[in-house]
> 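Handing you this structure, nothing more for now.
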Amino acid sequence: MLLVTSSITVPVGFFFYMPDPALKQWDKEDKRLKKSGIAKKDRPIKPERDSAYPTKTEIALGLLKEFKVAHSLIKIKGVLADALYGEKPLWTKPLKNLEARR
């Protein structure tokens, strides 16, 4: 995570994303079976996500929350993320909640 101001850009946090191995394996097998023509009802169901492997959205929200707690005097005016992680809720309600806690 980078803090960008009009005069300086500073890295202020990081977290390494690691995909859930069970979901990754299921996805690989599901694609193989789908390509083989196996009907969805005959393929294994998607396993539950393991909380030990947070999503990119959960990681981004966690970094924002940690930053806001550690630097409560800095007002967050905007957030830019690579491809928005495909999650509109990441940029709406959570940021409003961060501002409300100030």
Side-chain angles (χ1 to χ4, degrees):
M1 185 165 75
L2 296 174
L3 171 65
V4 179
T5 70
S6 59
S7 58
I8 190 169
T9 299
V10 182
V12 292
F14 68 94
F15 193 98
F16 294 103
Y17 168 73
M18 183 172 174
D20 184 335
L23 281 175
K24 192 173 180 180
Q25 182 61 34
W26 171 85
D27 189 50
K28 184 178 179 182
E29 181 66 6
D30 191 60
K31 286 178 182 175
R32 186 188 70 74
L33 292 171
K34 190 176 193 178
K35 191 175 182 178
S36 298
I38 306 296
K40 185 173 182 170
K41 64 181 178 74
D42 297 326
R43 297 192 307 257
I45 60 169
K46 186 175 183 176
E48 293 289 320
R49 176 173 289 284
D50 184 343
S51 62
Y53 300 95
T55 64
K56 291 177 183 178
T57 300
E58 292 168 341
I59 291 169
L61 286 173
L63 286 170
L64 283 169
K65 288 176 186 174
E66 287 176 19
F67 181 82
K68 193 63 180 172
V69 168
H71 307 285
S72 61
L73 297 177
I74 297 176
K75 184 173 181 172
I76 298 172
K77 292 185 177 181
V79 175
L80 176 65
D82 183 23
L84 298 178
Y85 298 118
E87 302 266 347
K88 184 178 178 181
L90 174 62
W91 313 116
T92 53
K93 186 178 177 184
L95 288 177
K96 289 178 185 173
N97 290 340
L98 287 173
E99 283 300 313
R101 293 182 189 162
R102 268 190 51 184

> So do the side chains of K40 and D30 get within less than 4.5 Å of each other, counting heavy atoms only?
no

> Any side-chain heavy-atom pair from P44 and L33 closer than 4.5 angstrom?
yes

> Under 30°, 30 to 60°, or over 60°: which ring-plane class applies to F16 and F14, parallel, tilted or perpendicular?
perpendicular

> E29: what forms a salt bridge (charged side-chain N to carboxylate O under 4.0 Å, His left out) with it, not counting sequence neighbours?
R32

> Would you give the length of the straight line joining atom CD of E58 to atom OH of Y53, rounded to the nearest 0.5 angstrom?
14.0 Å

> Is it the case that one hydrophobic cluster holds both F67 and F15, taking links as side-chain heavy atoms less than 4.5 Å apart, direct or via other members?
yes

> Rest of the hydrophobic cluster containing V4 (Ile/Leu/Val/Met/Phe/Trp/Tyr, side-chain heavy atoms under 4.5 Å)?
L2

> Considering only NZ, NE, NH1 and NH2 on the basic side and carboxylate oxygens on the acidic side, decide whether D27 and K31 come within less than 4.0 Å.
yes

> Find out whether H71 and V12 are in side-chain contact, i.e. whether some heavy atom of one side chain is under 4.5 Å from a heavy atom of the other.
no

> Does M18 share a hydrophobic cluster with L63, counting links as ILVMFWY side-chain heavy atoms below 4.5 Å and allowing steps through other members?
no

> Quick one: closest heavy-atom pair of K75 and K68, and the distance?
CA-NZ, 4.1 Å

> Do you reckon M1 sits in the same ILVMFWY cluster as I59, going by side-chain contacts under 4.5 Å, direct or chained?
yes

> Taking D20 for the side chain and R49 for the main chain, is one N or O donor matched with an acceptor at less than 3.5 Å?
no

